[in-house]
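Every chain is numbered from 1 and lettered A, B, ... according to where its sequence line falls, protein lines coming before strand lines.
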There are 2 protein chains.
Amino acid sequence: MTPRTLEKTGSKKSAAARERLASWISSRGLKATRQRDVIVDVFFAQTGHLSVDELLEKAKQRDPTIGAATVYRTMKILADAGLASARHFEGGQTRYEAALDRHHHDHLICTSCGSIIEFENERIEELQETVAEDHGFHVTHHKLELYGLCRHCRVEQASDRR
Amino acid sequence: MTPRTLEKTGSKKSAAARERLASWISSRGLKATRQRDVIVDVFFAQTGHLSVDELLEKAKQRDPTIGAATVYRTMKILADAGLASARHFEGGQTRYEAALDRHHHDHLICTSCGSIIEFENERIEELQETVAEDHGFHVTHHKLELYGLCRHCRVEQASDRR
DNA sequence: CTGAGAATGAGAATCAATTTCAAAATGGCC
DNA sequence: GGCCATTTTGAAATTGATTCTCATTCTCAG
């Protein structure tokens, strides 16, 4: 058996997340495992919106025996614990982003390079709420995604056209 | 062989759509077929957001030999022709709505009964544009979906709790 | 009416995600 | 430290939506 200890990468924030996860896990009879440690570690070492495939890839670098099912399962636990949130952008796969101490935000997604920018706009949120009320709706969650070309890819396209 | 003629259901609008489709089809060397007629007919006879399954179900009532692949293929053609638009709400399946002479709109989706309400809000669109510009983005399309309980289901929930 | 090309249906294939299951690991308990 | 009920794991099977393949059938311009 491989030793359980591993160099924890990442900031205080990821340390806090790991603690929260530990109590979440023990509080409901789950068990801490080497694989979960690796996956969680890998997840918090990155920033951005990771797909399960990407996470699996990186996790395998540390422990080649880790299987895809475990990554799926672990990310679901992280999401349940409120430490990650799942996003379903265009293109099929679910992506996860760190969720601890973050407020709500929406996304700009570049359809050319795939880069994702987060933004917050209080005014839009308010208007959404108003619209919903006008229709008698009680909104529990929403999805606002703006797709297009990022600054970088716009420039590139312009020069391609020359 | 079953006769090709069928009672065209629906309004002038669906008649217009059928004409547009006919010219789209002939203009690119595609062919008109009995199955496509049935599917298109069934699609325009309904209002709302239909899944391929629902369309297949109804199409089969008219012609039990129609296969799922044909419905997928036909709806893709309709979308390409600008007569239907595909929507990907939470829950997996693609849904299609009629698109002829409609402007852009977004959706309120009831997570309890599945009903879908459309809305337009010019102010939100403008703010989205502003946000995108602030980040150097050129937006090509977007997705705004508000999920929650519709008026009807809120009432039901309240009485369930008694 | 004919023939080239397009469309069809059934089933296989794909893709992301979930489930199954036998074997392995975990953690409270003594 | 060892026991052992319970949880986890990896691999493979399964699911669900969609797409593809291919042999056969249909459409339509000439």
- Query: Touch check for B/T94, heavy atoms < 4.0 angstrom, all strands: base, sugar-phosphate only, or nothing?
  - Reply: sugar-phosphate

- In whole angstroms, the gap separating C1' of C/dA16 from CG of A/L56 amounts to 13 Å

- Query: Taking only side-chain nitrogens and oxygens of B/K76, does any of them come within less than 4.0 Å of OP1 or OP2 of D/dT19?
  - Reply: yes

- Of A/I25 and B/Q35, whose closest DNA chain D nucleotide lies nearer the 5' terminus? A/I25

- Item | Integer-rounded Å distance: D/dA17 C1' and B/E54 CD | 14 Å

- Interatomic distance where CD belongs to B/E57 and P belongs to D/dA17 [whole Å]: 13 Å

- Distance-only side-chain donor-acceptor flag, B/H138 / B/E129, under 3.5 Å: no

- Query: Nearest of D/dT9, D/dA17, C/dG11 to any side-chain atom of A/R36?
  - Reply: D/dT9

- Task: Please tell me which of the listed nucleotides, D/dT8, C/dA17, C/dT8, lies nearest to the side chain of B/T33?
- Result: C/dT8

- Can you check the B/M75 CE to C/dT8 P distance for me, whole Å? 14 Å

- Query: Counting just side-chain N and O atoms, does A/Y72 come under 4.0 Å of either OP1 or OP2 of C/dA17?
  - Reply: yes

- Item | Gap between atoms CG and P, on A/D53 and C/dT14 respectively (whole Å) | 16 Å

- Of B/V52 and A/R28, the one whose nearest nucleotide on DNA chain D sits closer to the 5' end is A/R28

- Query: Name the one of B/L83, B/L78, B/T74, B/V71 that satisfies side-chain contact (heavy atoms from CB on, under 4.5 Å) with B/F43?
  - Reply: B/L78

- Task: Classify the side chain of A/R34 versus the base of D/dT7 as yes if they form a donor-acceptor pair under 3.5 Å and no if they do not.
- Result: no

- To the nearest Å, how far apart are B/Q93 CD and D/dT19 P? 13 Å

- Has B/T70 got a side-chain N or O lying under 4.0 Å from the OP1 or OP2 atom of C/dA7? no

- Quick one: does B/K31 reach the base of D/dT27 with a side-chain donor-acceptor pair under 3.5 Å? yes

- Query: Between A/I66 (CD1) and C/dA25 (C1'), how many Å, whole number?
  - Reply: 14 Å

- Query: Does the B/R95 side chain pair with the main chain of B/H88, one donor and one acceptor, at a distance under 3.5 Å?
  - Reply: no

- Task: Provide, to the nearest angstrom, the distance between the CD atom belonging to A/E90 and the C1' atom belonging to C/dA16.
- Result: 17 Å

- Message: Within a 6.0 Å radius of atom NZ on B/K60, are there more than 12 heavy atoms belonging to other residues, nucleotides or ligands?
- Response: no

- Message: Taking B/A86's backbone N and O only, do any of them form a donor-acceptor pair with B/T94's side chain (distance below 3.5 Å, no angle check)?
- Response: no

